[in-house]
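Numbered from 1 within each chain, the chains take letters A, B, ... in sequence-line order. Heavy atoms only: backbone and side chains are in, while hydrogens, waters and symmetry mates are out. Predicted model, so just to flag it, every value in this text is computed and none were measured.
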Amino acid sequence: AADPALIYDLGGKFDKSFNEAAYAGAEKWKAETGGTYKELEMQSEAQREQALRRLAETGANPIVMTGFAFAEVLKKVAPDYPDTRFVIIDSAVEGANVQSNLFADEQGSYLAGVMAGMATKTKTVGFIGGMDVPLIRNFACGYVQGVKSVDPAIKVLQNMTGTTPAAWNDPVKGGELAKAQKAQGADVIYAAAGGTGIGVLQAAADEGILSIGVDSNQNHLHPGKVLTSAIKRVDTAVYDAFKAGTEVEVGKTNIWDVAHDGVGVAMDDNNKPLVSDEMAKAVEDARAKIASGELKVVNYNTGNACPVQ
Amino acid sequence: MDYATVLQILDSALRLMTPLLLACLAGLFSERSGIFDIGLEGKMLIAAFAAGAAGALTGSVWLGLGAAVLASLALAAIHGMTAITFRGNQLISGVAINFLASGLTVLLGQSWFGLGGRTPALEGGARFATITLPGAEALRGVPVVGPLYAEVLSGHTLPVYVALALVPATWWLLYRTRFGLRLRAVGDNPASVDTAGVSVVRLRWAAVAITGVLCGLAGAYLAAGLSAGFVKEMTAGRGYIALAALIFANWMPWRALGATFLFGLMEAVANRYPEIDLGPVTIPSMFMSALPYILTVIILAGFIGRATPPRAGGEPYVKER
Amino acid sequence: MTATDSVAGRHAAPETASVAPAIELRGISKAFGPVQANKDISMTVPRGTIHGIVGENGAGKSTLMSILYGFYRPDAGQILIGGRDAGITDSQSAIRAGIGMVFQHFKLVPNMTVLENVILGAEDSALLAPSLSRARGELRRLAEEYELQVDPDAVVETLSVGHQQRVEILKALYRHADILILDEPTGVLTPAEAEHLFRILRGLREQGKTIIVITHKLREVMEITDNVSVMRRGEMVATVRTADTSPEQLAELMVGRKVLLRVDKAPARPGAPVLEVVRLEMVDRTGVTRLRGVDLTVRAGEIVGIAGVSGNGQTQLMEILGGYAEPGARVTGAVRMNGADLPLTRTDAAARRRAGIGNIPEDRQVEGLIMDFSCWENTVFGHHRDPEYQSGPLMDNDRVRQRAERLIAQFDVRPANCHLAARNFSGGNQQKIVVAREIEEKPALLLVGQPTRGVDIGAIEFIHRRLIEMRDAGAAILLVSVELDEIMGLSDRIVVMFDGRIMGERQPDQTSAAELGMLMAGVEGGGIPPAQGQPRAHPDARPDLAKGIL
Amino acid sequence: MTRLPRWADLILTPLISLALAFAISAVVILAIGQDPWAALKTMVTGAVGSSYGWGYTLYYATNFIFTGLAVAVAAHAGLFNIGAEGQATLGGLGVALVCLALPWPHWALALPAAMLGGALFGAAWALIPAWLQAKRGSHVVITTIMFNFIAAALLNWVLVNVLRPPGSQDPATANFPAGTHLPTLSDMAGAIGVQWGKATPANVSFLIAIAACLLVWLLIWRTPLGYEIRAFGKSERAARYAGISPVRITVVAMLISGALAGLMAVNNVMGEAGRLVLNNVEGAGFIGIAVALMGRNHPLGIFLAALLFGFLYQGGAELALFSNIPRELITVIQALVILFTGALDNMVRMPLERLFGRRAG
Ligand SMILES: Nc1ncnc2c1ncn2[C@@H]1O[C@H](COP(=O)(O)OP(=O)(O)OP(=O)(O)O)[C@@H](O)[C@H]1O
Ligand SMILES: Nc1ncnc2c1ncn2[C@@H]1O[C@H](COP(=O)(O)OP(=O)(O)OP(=O)(O)O)[C@@H](O)[C@H]1O
Ligand SMILES: [Mg+2]
Ligand SMILES: [Mg+2]
């Protein structure tokens, strides 16, 4: 049978975050099945199409790709290879041989916001995004909604690292932004910035404040100093796709939300001391309400605006 | 903007200035000797990588620093070989060195650590420790000056203080010592040095070596001071900015401090205020991030001051054609 | 019997002194790639003498002296200082052996002070302060002893060339040089400055120092040297006692054949004014005033010579007239060509050429030619936009090549290969290419700058003849030269420039080199009437040389 | 100085330099524990072993021809244009604006307009550094480096704030209308009945690049303007003497250089992506420097060198796909090629001169 393939986005396989979660999913599949897969890291925007085509040419199937940036290229390439199945994560692409996966990032971020709102003593929390794109604004928006649900008076400082893909990979700047937010009073900072977030978490740990990781469980990076991580089960999505193999369902869009355990916040030994029972309960309540539909977290993309700041 | 914000921005500016200042002084030595160096970026990058790699492997920031200096010196040696020994084109050599560092760091990093070019995070002793200046806590209460001392000046890592100390040291070396006299002379008219019985080649090699050491320190600070580990392309154009600062500074040490501080300040302000809202218009973040480059061009255009590079700069010294 | 034969066998040291000679060179050879600059040269210089070295450009004089100073390493040969092998491998060891050298192009750091330049390489310790204060005292002493006054704190680039030369001499003396080499020291000096230099050199000789002077000016050789060596094409052809020789004999030795030292020409028949320059002023971009109200007229059929030490505005004048003044300069006044005003701002050398102004530039290698271009490409340089060399949007290269071949034949350019790059021609032949190009365009006005600088005597004769032919055909010619003899030999009228002003106008047959020299030094009215001349028996008093070209 | 025979100067020296660069690259591959021979095989088969490989190799080579010519034209005028990267970036913007401006009915109409757009924008981006160099003496090397950064920021702003379709996550423009799609080389082969390659991005721009080589050759060696550019590049003083305006030549040469760099966008933006994305130049501007150096600033040399770098690029992509060697190996090889052919030229030349000198006499 054909090998599956995985293409990572620009942040690179080991961004400790989004791409690394995808990698973890693939590795889990490999460990379980003993299979092999092809993988490819993007170096630049312009390589996307070549990567897709080359993998399709070599017979890889299915081809999983992480990142919204593949959407346009996939639209173009997929019809040329009707026998190959494509799985895209973080974007919806129509196509008979394409499976789309969307994550309810705003929901996971909301939960992280709830924890931040409860953990802050200064009534100021921070958000540091990577590249300034709607995807990240959605993270910010969900986070702010969560924070304000605890106390509308809490101030949320927001910074984006940049506007180029380099913004996913600039820990120095991430660190400086974190220090700047700390100086403005923030004592919990949520980093949704790929590799840049590593710098944020590091600076927060250095400065003795709390941070919140993203995508993968980053609690272990600075045990006792990372409040939680807004995880996104990219690993599951990849794992599922690999497992289904050439039979992976296409022509549909999977929504990974709280109800489907697609997003959530990480609780483990590393952050146990930081999470009070009260906080744990609040998070659980919110989770349940969102899952049941009782609580609606606004998605930034629906109106291209966030209801709260 | 309140005082605390000002302090925070100054504090951040000082940190962000440090790699620029070190690289700028590095470039100063090389260019004052007549060797143009647009490879500062590459030397810093490979040094950052070496500091990250050695720091991660040994857990010692000092070994990391040593590795950084050695790696940077190795690239400096290539530059010296092309520019001094083989009288090649110094600009091209610089371009090649930047490419080399950009490729080698990822190639080696990936093959050693398998982290996509990143080095493992540096912890504890593998990073530069912050230094609290004497009396910082005691003076904190003194109005205005106290916080300035305690928050802005105190609490940085060693390279920051080394960089600051290097400014007067460089000035002294350049204008008060035999070495400095000869260095200035060899950059302006190597034949004068040669006919005075001093080896042009040795002087230039010495200058290139100093450049290597300083770039090494700059890179080490990036990886083990400003952040905790190496990330690919982490110099992010700082070598070019340092070069611009050097031109801005007219190849003089004190002005180098001023120029790099200005660039550090700009970066700090851009971090703090990614978009500046001026009422009717909002200055976008892209503009803020491009500001150092725009400013450099304006400076170069001579609107702020005409730069006069060392006269023999960029030209190989050829005695017999 | 040729001149060379007549002096053969005089290589032996002119004086057999009991003490070892100050310098003895044995069998020195040096090649730069294919150019054999020095071939098996031997030479002896007795202690306490002034020794002249003469020879055509490219004869290898500078190379030989640079070898003595350790700047170049010889391919073969031995250098003895005071009878012992001095082991000179680099300038450092030469300095240690007591040798100092003042290069033709000074080796000073322009933006450093005199003091810093003097101590460079001879510092006492790692810190500068002690060296600087010692040097200050030492300079004061040397200044008094040898008339070498110069402000120790002046930045070198602000000094006149004469003073810069003093700094170079001071550098050597500060290093306790016993042997001083000067490479063409008077090329850039006014006659008065040269006189001063000679006084210094004589003073140094009194102190027992040994001095070697390279020069092109035979009268200087006659005036100050004790012995003189002649070089030709890399070889040492003779060493003679100055008292036993004459300029004519030296000229023969240099060239290897008898030379005609004068220009024959019919009296000029000047026509209407072609070029009129009215109150021309120029301030360069650094704010220095270069021209101060220059008035000048050149008529058809005459040669007007501008005499002056270089750097007194001649270059700027020629560049303004040629339409390529340095950008950023401020120029006022008027320039008229055949009565029509030429624009002074937004000048363009191409437009000037179209207006009928030809231009042989002062520096052929830096301005007149593109050294990497082939000879044929160079023969249209500046005229490359002329419609006759175009075919459609492209250049008609075949036509240009055919013309180049014709010019090469006409002007006897050697080697006669128009595909060689300009840099592969010797200096004289490069100059011929430039002259051929400019003359061939038959300009109404020809600007000529230093036409024979670095050109051998044969070519000089040729070029001079061509210029006179042009004049006789009715062209107006404005000639700038630092060689007084050339000015006096070629010009129908002579104007002298000093510090951007015209100091005066003279007829060549009613003036003397001495009078021109005074004007060139800025002495109003020339001071000394021509008949009196210099008090000392000066070679230029001789009529043959006053009109000569050497 | 012993001058090398022309053939040795033009062919032998670069070949030896290249061999040295590859030898050291092999050492680097060994050092990271891989097999250089296998790597070479992967690269060769991947880049030139199939019509698919050729399709990509030629696509990359097209980019490099444009930037290489851009660098070379400036170099003939004595200007070191490091800014081809930024100029190509802006060229991309020009091409995109043209392509998006109208519902183009046919590519044959869109192509000339897009070429004009790309060339104009690229030239405009070169204009300021050129003008500053000519008028204020600001070193064009530094200003063009700065303009690369500024171009990246500008494109970023335009893509994020102006040209991004509403709701899109991507900092990229909308897809260009179908009427702007350029025929690929396989389309063209198909049109004349030859089955060659499929779905590769090499397109009609490759022919434009070849035409550009020819035109640049004519410009530099056959026109009065080219004569002036070369003369100015050799000696500014002499140029002024000859009535060649330094300001004009600096500006004109840089405009042509920028326009050539901008034209590259026809290949990558219009021909390949069909929309404008961030960082679409992918360092081709810098590769252009190496290409021009290796090609000795001659269009034929540039064409060959561009093919070599196209091969390296495509081979490198294959390497990343089929081996554990990261793509950065290509950056290292590029660096070594630039170093040996550009900067360490004398290291090869000096011994060669000695060798030829001995043989000659
Ligand atoms: N550094 C050098 N490299 C190559 N060739 C040289 C070099 N210096 C001198 N030459 C060549 O060596 C020969 C002798 O030159 P040299 O400078 O010694 O002559 P010279 O007699 O001093 O002439 P001039 O009267 O012009 O000063 C010339 O052909 C010259 O071109
Ligand atoms: N720097 C140099 N590099 C290479 N070749 C040179 C160099 N200088 C001179 N030559 C060559 O050496 C030869 C002699 O040059 P040189 O300038 O000494 O001639 P010359 O004797 O002064 O002749 P002319 O009287 O025509 O000026 C020329 O053919 C020239 O090609
Ligand atoms: Mg000489
Ligand atoms: Mg000559």
Side-chain angles (χ1 to χ4, degrees), chain C residues 31-35 285 318-319 322-328 346-354 357 359-373 377-378 380-387 389-397 400 420-424 434 437-438 447 449, chain D residues 1-6 9 75-78 131 133-137 214-252 296-297 349-350 352-361:
Chain C
F32 294 110
V35 181
R285 58 195 286 174
M318 296 298 257
E319 286 181 353
Y324 58 109
E326 125 188 286
R346 280 201 59 82
T347 52
D348 171 1
R352 290 293 156 84
R353 284 196 176 84
R354 285 194 297 274
I357 301 181
N359 190 342
I360 297 169
E362 286 186 328
D363 190 332
R364 58 179 167 265
Q365 303 200 336
V366 175
E367 289 180 332
L369 295 166
I370 298 290
M371 301 297 278
D372 291 324
F373 276 17
E377 281 182 299
N378 271 302
V380 287
F381 190 50
H383 303 278
H384 54 276
R385 290 252 178 209
D386 287 2
Y389 308 128
Q390 322 285 315
S391 68
L394 303 182
M395 287 185 74
D396 190 347
N397 285 345
V400 175
L420 281 182
R423 77 165 65 259
N424 293 326
V434 177
R437 178 181 75 211
E438 297 302 319
L447 308 172
Chain D
M1 177 158 73
T2 329
R3 301 246 176 263
L4 284 180
R6 216 174 126 75
D9 185 41
H76 277 295
W131 187 83
Q133 160 95 51
K135 283 286 192 188
R136 326 254 346 162
L214 216 67
L215 284 176
V216 167
W217 178 79
L218 275 178
L219 168 78
I220 295 295
W221 277 282
R222 285 292 178 272
T223 65
L225 178 62
Y227 182 96
E228 294 184 343
I229 288 177
R230 285 183 296 130
F232 174 73
K234 298 287 186 197
S235 164
E236 173 166 348
R237 287 257 313 269
R240 273 204 293 139
Y241 156 81
I244 300 168
S245 155
V247 174
R248 185 174 140 266
I249 292 298
T250 304
V251 168
V252 168
R296 294 282 186 271
N297 292 327
R349 202 176 288 266
M350 283 172 179
L352 270 186
E353 272 169 4
R354 234 168 287 137
L355 197 74
F356 278 96
R358 201 173 307 138
R359 275 193 11 194

Response to the item:
Greatest number of non-hydrogen atom pairs under 4.5 angstrom with chain D, of C:A325, C:G323, C:P361, C:G322, falls to C:P361
Worksheet item: Checking C:A351 against chain D: side chain, backbone, both or neither under 4.5 Å from a heavy atom?
Response: neither
Discussion item. I'd like to check C:I357 versus C:L447 (side-chain heavy atoms, cut-off strictly below 4.5 Å). Are they in contact?
Written reply: yes
Item to complete: Please flag which part of C:F373 lies under 4.5 Å from any non-hydrogen atom of chain D: side chain, backbone, both or neither.
Response: side chain
Worksheet entry | Contact class of C:R354 relative to chain D, heavy atoms under 4.5 angstrom | neither
Worksheet entry | Heavy-atom proximity to chain D below 4.5 Å, by part of C:R353 | side chain
Item to complete: Taking salt bridge (Lys or Arg N to Asp or Glu O under 4.0 Å) as the test, write out the residues that go with C:E377, two or more places apart.
Response: D:R230
Discussion item. Does any backbone or side-chain atom of C:N397 lie under 4.5 Å from a heavy atom of chain D? Answer side chain, backbone, both or neither.
Written reply: side chain
Discussion item. For a 4.5 angstrom cut-off between non-hydrogen side-chain atoms, does D:F232 reach D:R248?
Written reply: no
Worksheet entry | Pairwise side-chain contact, C:M395 with C:Q390, heavy-atom cut-off 4.5 Å (strictly under) | yes
Discussion item. With a 4.5 Å cut-off on side-chain heavy atoms, are C:V380 and C:R437 touching?
Written reply: no
Worksheet item: Is the shortest heavy-atom distance from the side chain of D:L225 to the side chain of C:R385 under 4.5 Å?
Response: yes
Item to complete: Among C:E326, C:E319, C:M371, C:Q365, single out the residue with the greatest number of heavy-atom pairs under 4.5 Å to chain D.
Response: C:E326
Item to complete: Look at the aromatic rings of D:Y241 and C:Y324 and report parallel, tilted or perpendicular, splitting at 30° and 60°.
Response: perpendicular
Worksheet item: Contact part of C:L394 toward chain D, heavy-atom cut-off under 4.5 Å: side chain, backbone, both or neither?
Response: both
Worksheet item: Given a strict heavy-atom distance threshold of 4.5 Å, which part of D:T223 is in contact with chain C: side chain, backbone, both, or neither?
Response: both
Discussion item. Using heavy-atom distances under 4.5 Å, tell me whether D:I244 contacts chain C through its side chain, its backbone, both, or neither.
Written reply: side chain
Worksheet item: Does the side chain of C:M318 reach to within under 4.5 Å of the side chain of C:I360, using non-hydrogen atoms?
Response: no
Response to the item:
Max heavy-atom pairs within cutoff under 4.5 Å with chain C, candidates D:A231, D:A242, D:S235, goes to D:A242
Item to complete: Could you check which of D:K234, D:R240, D:E236 has the highest count of heavy-atom pairs closer than 4.5 Å to chain C?
Response: D:R240
